[in-house]
There are 2 protein chains.
Amino acid sequence: MSNVNSREAILTAASTLYATRGYEAVSMRDVAAVVQIKPASLYYHFKDKEALVREAFAHVFAEKTAPMEEVLQVGRSAQERFEAFVAWFVRLLFEDPIFSRLLVRELLDGTSERLEYLSETVFDKPFSQLSRTIADVSGSTEPALTAMSVVSMILGHYLLAGALPHLSGGRAEYGESEVLIHHITELLGRALMSPDFRGEA
Amino acid sequence: MSNVNSREAILTAASTLYATRGYEAVSMRDVAAVVQIKPASLYYHFKDKEALVREAFAHVFAEKTAPMEEVLQVGRSAQERFEAFVAWFVRLLFEDPIFSRLLVRELLDGTSERLEYLSETVFDKPFSQLSRTIADVSGSTEPALTAMSVVSMILGHYLLAGALPHLSGGRAEYGESEVLIHHITELLGRALMSPDFRGEA
DNA sequence: GTCTATACGCGGATAGAC
DNA sequence: GTCTATCCGCGTATAGAC
């Protein structure tokens with residue numbers, strides 16, 4: 001195989017493994033086994049494990065960075081843009097397990113530098129857009145805090161999905177994207193459009 | 001030292017390390033070093049690493065299970081009970097880093113059996129209580145889904161706290177428990193009390 | 001580019017002395 | 001209960017042949 005394809009294959013294998021088990025738990029031998037090369041060959045492409053981890057992250061997040069901006073500008077009214085954001089983010093988390101697991105791992109374990117990189121490259125643009133949309137919808141005095149709440153609810157639903165079957169009253173469809181999109185836009189839509197919601201604190 | 005104290009010391013050291021770095025990344029040697037005994041001595045108290053991990057988890061979560069039920073029954077009106085839940089859960093997550101990190105790690109990486117255990121011992125009682133409270137406050141036809149949303153928002157805020165300094169519009173106080181308690185009860189209180197909120201889907 | 005061979009420390013775990 | 005001593009496989013990483 002050509003060098004470019006090997007590199008791609010390694011990054012794909014590595015990010016999948018890191019998402020599934022956490023990168024601490026994944027050895028260079030594990031990655032090599034998936035790609036079907038010998039461990040030593042990895043070192044032709046990447047200086048050391050740290051370099052592979054860093055580039056595997058960048059690889060996954062870069063794929064997501066490209067399409068997101070266009071997707072988020074389609075909305076006409078503020079309310080529609082709000083709903084577009086919720087739908088996009090729920091689908092992203094629930095339908096791309098590699099992205100979502102890596103994201104949560106980074107939020108939990110990422111160093112300050114890595115979190116800064118992540119925020120700047122992946123999060124900040126849609127987050128600003130969401131903040132502006134929320135300001136338009138609700139007139140909140142603290143749109144950024146409310147935007148964090150929206151993102152948080154979606155992120156939290158993703159995390160809770162694993163525990164869902166064991167919670168009393170939990171139904172399987174509460175883990176499906178479309179059900180969640182409808183529920184979250186409904187619930188938060190009401191909160192934001194509430195006539196006397198002015199933000200808080 | 002007596003066996004009981006050693007055991008306690010080992011469990012405390014282990015759970016702290018697991019919370020900080022993830023249990024895959026923490027060796028028996030690491031645990032032994034903190035307790036200041038030799039690695040081999042750990043095997044007098046615990047059969048193997050898996051047993052230590054399991055008991056370290058149980059140790060941390062058991063500590064939290066005891067007080068929570070009383071705390072959650074103080075509310076008089078449904079609205080007050082809702083606010084009591086939010087305040088309790090936000091403070092638990094933001095003021096006990098060991099508990100919160102272990103919880104998120106388990107939600108992300110826990111096997112189905114461990115998640116079942118976790119749900120039954122830690123989550124299910126307050127969750128049922130919250131579901132009932134929400135049914136009382138809002139008359140929602142799907143109180144469990146709405147309860148998940150409440151828990152999700154709080155969990156998500158905890159996860160986002162690390163990225164907060166890097167988000168545009170993010171202010172440091174958005175990561176403080178009291179500010180969040182106020183914001184979340186305000187935001188979700190409006191959603192739940194909204195006259196025509198009937199749940200969804 | 002990928003291989004074989006290899007170095008070497010860290011990992012979990014056990015046996016048996018004290 | 002805790003120790004010393006030890007086993008052995010896995011981990012990252014390098015040198016050098018093909």
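Numbered from 1 within each chain, the chains take letters A, B, ... in sequence-line order.
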_Rounded distance in Å - CD (B:E50) to C1' (C:dG12)_ = 13 Å
*To the nearest Å, how far apart are B:Y44 OH and D:dC3 C1'?*
14 Å
*Which word best sums up how the rings of B:F94 and B:Y158 line up, parallel for under 30°, tilted for 30 to 60°, or perpendicular for over 60°?*
perpendicular
*Whole Å only: how far is the NZ atom of A:K49 from the C1' atom of C:dC10?*
13 Å
*With sequence neighbours excluded, residues passing salt bridge (Lys or Arg N to Asp or Glu O under 4.0 Å) with A:E106*: A:R114
*Mind calculating the distance between CZ (B:F46) and P (C:dT14) to the nearest angstrom?*
15 Å
*Sequence neighbours left out, what pairs pass salt bridge (charged side-chain N to carboxylate O under 4.0 Å, His left out) with at least one residue falling in residues 124-139 of chain B?*
B:E69-B:K125, B:R81-B:D136
_Quick one: does any side-chain atom of A:T12 pair with a main-chain N or O of A:A9 as donor and acceptor, under 3.5 Å?_
no
*Round to the nearest Å and state the distance from B:R7 atom CZ to D:dT2 atom P.*
12 Å
*Proximity to DNA chain C (any heavy atom under 4.0 Å), residues of residues 28-43 of chain A only*: A:I37, A:K38, A:A40, A:S41
*Does anything in residues 19-27 of chain B reach DNA chain C, meaning a heavy atom under 4.0 Å, and if so which residues?*
B:V26, B:S27
*Mind jotting down which residue pairs meet the side chain to side chain donor-acceptor pair (under 3.5 Å) criterion with at least one end in residues 82-96 of chain A? Sequence neighbours excluded, please.*
A:K64-A:D96, A:Q79-A:E83, A:R91-A:E178, A:E95-A:S177
*Check side-chain contact (heavy atoms from CB on, under 4.5 Å) between A:E50 and all other residues, then give those that pass, not counting sequence neighbours.*
A:D48, A:R54
*Checking B:R101 side chain against A:L108 main chain: does a donor-acceptor pair fall under 3.5 Å?*
yes
*Backbone N or O of A:P97 within a donor-acceptor pair of the A:S100 side chain at under 3.5 Å?*
yes
